[in-house]
Amino acid sequence: MNKQSEQESNYILWFDQISLSDLELVGGKNASLGEMIVHMAKSHVQVPIGFATSAQLFIDFLAQNNFNGKIKHQLDEYQAGRQSLLKAGRAIRDLIAGGDFTFQQQGDLISAYQALSKKIAPSQKSFHASVAVRSSATAEDLPEASFAGQQESYLNIIGIDNLLLACKHCFASLYTDRAIVYREKQGFEHDKVALSVGIQQMINAEAAGVMFTLDTETGFNKVIEINGAWGLGETIVKGSVIPDKFMVYKPLLNTVKKTLTSQKQQYYSPIIEKQCGSKLEKMCFVTSTDFEIKVTDESDHLLMTQSTETVKTTNQERTCLVLSDSEILQLANWAISIERHYGKAMDMEWVKDSDSGQLYIVQARPETVESQKNHSVLVNFQLKETSKMLVEGSSVGSAISTGKVFKVTNPEDVEHFPEGAMLVTEKTDPDWLPLMRKASGIITDSGGPTSHAAIVSRELKIAAIVGCENATDMLDNGRKVTLSCAQGSHGIVYDGFLDFETQEVNLSDIPDTSTDIMINAAIPDGIFKWWSLPVAGIGLTRIEFIISSQIGVHPMALLHSEKVTDSKVKEKIAQLCQGYEKGSDFFVENLALGVGKIAASQYPKPVIVRMSDFKSNEYRGLLAGEFFELTEENPMLGLRGASRYYHPLYREAFQLECQAIVKVREQMGFDNVIVMIPFCRTPQEADKVLEVMSDAGLTRGEEGLQVYVMCEIPSNVILAEQFAQRFDGFSIGSNDLTQLVLGIDRDSTELKSLFDARNEAVKSMIAQVIKVAHKCGCKVGICGQAPSDHPEFAEFLVSCGIDSISLNPDSVAKASMHIALAEKASKGK
Amino acid sequence: MKQEEFEQLIIEAIQEVAPEIELVDIDVEEDIRDECDLDSMDFINFLEALQKSTGVKISEADYGKLDTFCHVLAFLEEQQ
């Protein structure tokens with residue numbers, strides 16, 4: 001054979017010979033691949049094999065073609081302003097792409113490519129492997145410099161001629177306009193930067209995506225986030241598709257199930273999110289082998305249209321998830337191994353091979369955005385000037401924001417909503433979540449502090465003012481306004497863009513309290529934003545909000561589709577349940593994911609999950625609700641809470657809720673979930689509910705299951721001792737308790753001033769239940785904003801010896817101060 | 001240099017990588033890689049030998065023109 005292949009060339013470095021210490025030789029991307037192949041093999045992380053060209057090849061290539069002087073000349077011309085960046089960059093790139101390798105260099109590349117092909121398909125003679133050819137910039141003085149994303153990659157390159165051409169184009173891409181400007185801004189000398197080319201086995205991707213060892217929105221570092229779409233991963237990187245999204249909770253991965261009865265070791269499956277993206281298109285290989293790469297005159301890119309093509313996905317592909325549960329867990333395991341090896345948060349690309357069905361990691365690099373943010377600081381807002389007040393209502397959160405009014409009055413408006421606009425509407429719709437994310441603030445005519453708009457805004461940390469009554473009349477489209485929630489519960493919309501300042505509260509300054517401070521959660525979306533708050537868990541999770549935001553259908557309709565007589569509704573339900581064996585699976589699975597995500601945000605601290613507490617009119621509002629619900633005159637005092645759970649109209653649906661909790665606790669592993677029963681009128685009712693739960697696999701006391709009861713009806717207080725024998729704890733719902741003790745409709749505007757949890761009668765009830773519960777060994781908590789709004793109420797609760805206070809997350813800082821002071825005062829007495 | 005001399009040098013260069021090949025074995029109008037059973041590596045070595053013996057500079061841009069024995073010959077005559 002030939003001479004060169006027998007001696008080790010200093011131009012070629014196989015991935016399994018390089019590690020992070022070779023950064024100068026092969027650049028960050030290639031060094032990282034080598035590091036993974038060498039060190040992750042023992043963790044069974046599969047990485048496609050390949051080799052890199054050394055920086056020396058690039059340096060010699062420029063020298064032997066006498067390019068250095070010419071490149072410098074072009075750059076000088078550009079820097080002196082005699083030549084445009086566009087022209088100078090193009091001239092340099094054309095120059096480099098047109099250069100020649102020496103015979104030895106070609107020989108080295110060819111023999112390496114042949115050896116790679118042989119390794120990939122040992123039995124096939126003269127096989128030409130498909131490879132990905134990627135640039136990896138190196139800077140000898142600046143090994144830590146990141147040049148990510150500035151240079152080209154070429155996919156599905158087959159054959160030596162194409163490979164050589166692709167290599168030269170990689171070389172040329174060191175001088176893309178973007179890279180030239182970047183180096184100038186950063187003060188790097190152009191001639192000190194070289195380029196290494198990575199030539200890697202190309203996996204023909206059935207599906208591909210990216211993966212992070214933290215939540216990229218909040219920096220919550222106990223989860224693995226995985227995105228995926230069909231075909232090659234470029235569609236996700238470009239953002240041309242909405243991918244599927246998965247999340248796995250790290251601490252419970254590889255944890256052996258606690259059940260002692262089973263002999264075989266079983267692991268938890270802590271997947272807490274599975275969101276199906278639209279995935280409208282995919283990029284795949286062109287199946288014909290008869291293609292060649294061409295260089296276009298108009299652009300500097302190699303024309304890859306012949307090696308890859310973008311096609312529309314089928315309907316089946318759009319509605320299916322790209323990964324199975326076991327694949328999600330396998331990737332998550334790899335991500336953990338990789339993160340552990342590098343000792344920092346990582347950002348990875350994965351691929352699933354369409355031939356073998358195997359998974360591979362094709363890239364890994366440190367995550368640099370969220371992992372470096374300071375998560376120990378909360379922000380407070382204050383207006384610095386004022387102007388004409390336009391409308392007012394109830395504030396949600398404590399932020400100030402400015403934006404131009406955009407009114408949404410009919411569904412068509414939703415699609416045209418501009419990023420950063422102020423959403424003004426009569427009321428919001430659960431379908432508007434993507435739109436609400438884009439809004440700088442939300443202003444509604446109707447709704448109160450517990451309306452959908454308010455809850456979602458709180459979760460998304462968007463400033464909102466609800467219940468303004470006439471906002472849609474008073475505010476014209478395009479008007480500049482400032483929304484302020486900084487003045488307590490009174491929210492005001494001002495004319496114009498006002499100046500405001502923000503003040504940061506360090507979380508470490510939040511005082512320790514002996515009373516547990518917990519938070520209220522509503523929808524799973526956005527719950528991770530609060531991970532850094534120093535709280536004792538979640539005091540209230542409302543299942544009905546998960547049902548309305550993640551499921552949307554009346555659960556009985558999923559069990560008894562024969563009763564749904566409207567064909568349009570039937571069709572909608574069928575669409576939602578696509579991919580599930582049974583309608584009830586759709587419900588249990590999605591409810592479990594929602595609860596699991598909330599439980600993960602605080603694990604192992606307790607997370608209290610209240611079973612659904614819709615009133616019958618609210619259940620009616622769900623899809624197909626009219627086929628299963630009665631019309632009640634006074635739903636507030638009707639078929640709600642515990643009474644519903646053993647009633648023939650809902651019992652089966654309640655058992656689905658129970659099954660979801662069983663799944664969360666026993667399959668996902670979140671045994672920190674405590675179940676809570678709302679609106680339980682009598683102890684006999686409690687017995688019936690506990691029996692129904694037990695039938696569905698949720699038995700109080702088994703597998704450590706605790707069951708709490710809401711204390712919100714006077715009977716709960718009067719018969720507290722009997723309730724305490726049936727439950728592990730009480731949670732006071734101050735709104736319902738006030739309503740029922742004082743006999744005031746909590747929504748009545750006329751009686752608003754009388755409606756106050758600080759009323760003597762209500763306080764006496766609270767004091768009594770705490771006393772009795774403690775005597776019986778039960779814990780007592782309270783959910784509501786009163787302790788945060790009224791320091792004296794906090795002081796009262798503390799003096800009664802309340803165990804926990806659960807608040808909306810945005811008021812934790814303020815309430816903690818009140819409670820700490822109250823504790824000091826009560827100790828002093 | 002005369003045509004016969006170039007022919008001789010080409011065949012000698014081929015024989016460097018594929019010693020069993022004689023001029024009579026191949027169709028000079030057909031793809032030289034197929035005719036002489038040269039893989040990419042052999043082809044590069046053949047061109048390197050040819051450049052050395054003829055002194056004619058062969059750059060990568062010219063590879064496309066060097067697909068048959070006849071075309072190699074024509075290229076050399078043109079470039080000398």
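Here is how names work: the chains are called A, B, and so on, in the same order as the sequence lines, proteins then strands, and each is numbered from 1. When reading the values below, keep in mind they use all heavy atoms of this one structure, side chains included, and skip hydrogens, waters and symmetry mates.
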S.K.: Any Lys/Arg nitrogen of A:Glu77 or A:Lys87 sitting under 4.0 Å from an Asp/Glu carboxylate oxygen of the other?
M.R.: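 Not counted as a salt bridge, because no side-chain N and carboxylate O are separated by less than 4.0 Å.
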S.K.: Go through the atoms of A:Phe101 and report whether side chain, backbone, both or neither lie under 4.5 Å from a heavy atom of chain B.
M.R.: both
S.K.: Report yes or no: do A:Asp60 and A:Gln64 form a side-chain donor-acceptor pair below 3.5 Å?
M.R.: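 On atom types as modelled, these side chains do not qualify, holding no pair under 3.5 Å.
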S.K.: Is it the case that the side chains of B:Asp39 and A:Gln114 hold a donor-acceptor pair, with the cut-off being a distance below 3.5 Å and no angle test?
M.R.: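 Yes - a donor-acceptor pair under 3.5 Å links their side chains.
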S.K.: Using non-hydrogen atoms and a 4.5 Å limit, figure out which bit of A:Leu164 sits close to chain B: side chain, backbone, both or neither.
M.R.: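 Side chain of A:Leu164 only, per the 4.5 Å heavy-atom cut-off to chain B.
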S.K.: Does a side-chain N-to-carboxylate-O contact under 4.0 Å join B:Arg33 and A:Asp161?
M.R.: yes
S.K.: Pick one of side chain, backbone, both or neither for B:Tyr63, based on which atoms fall under 4.5 Å of a heavy atom in chain A.
M.R.: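 It is the side chain, since no backbone atom gets that close.
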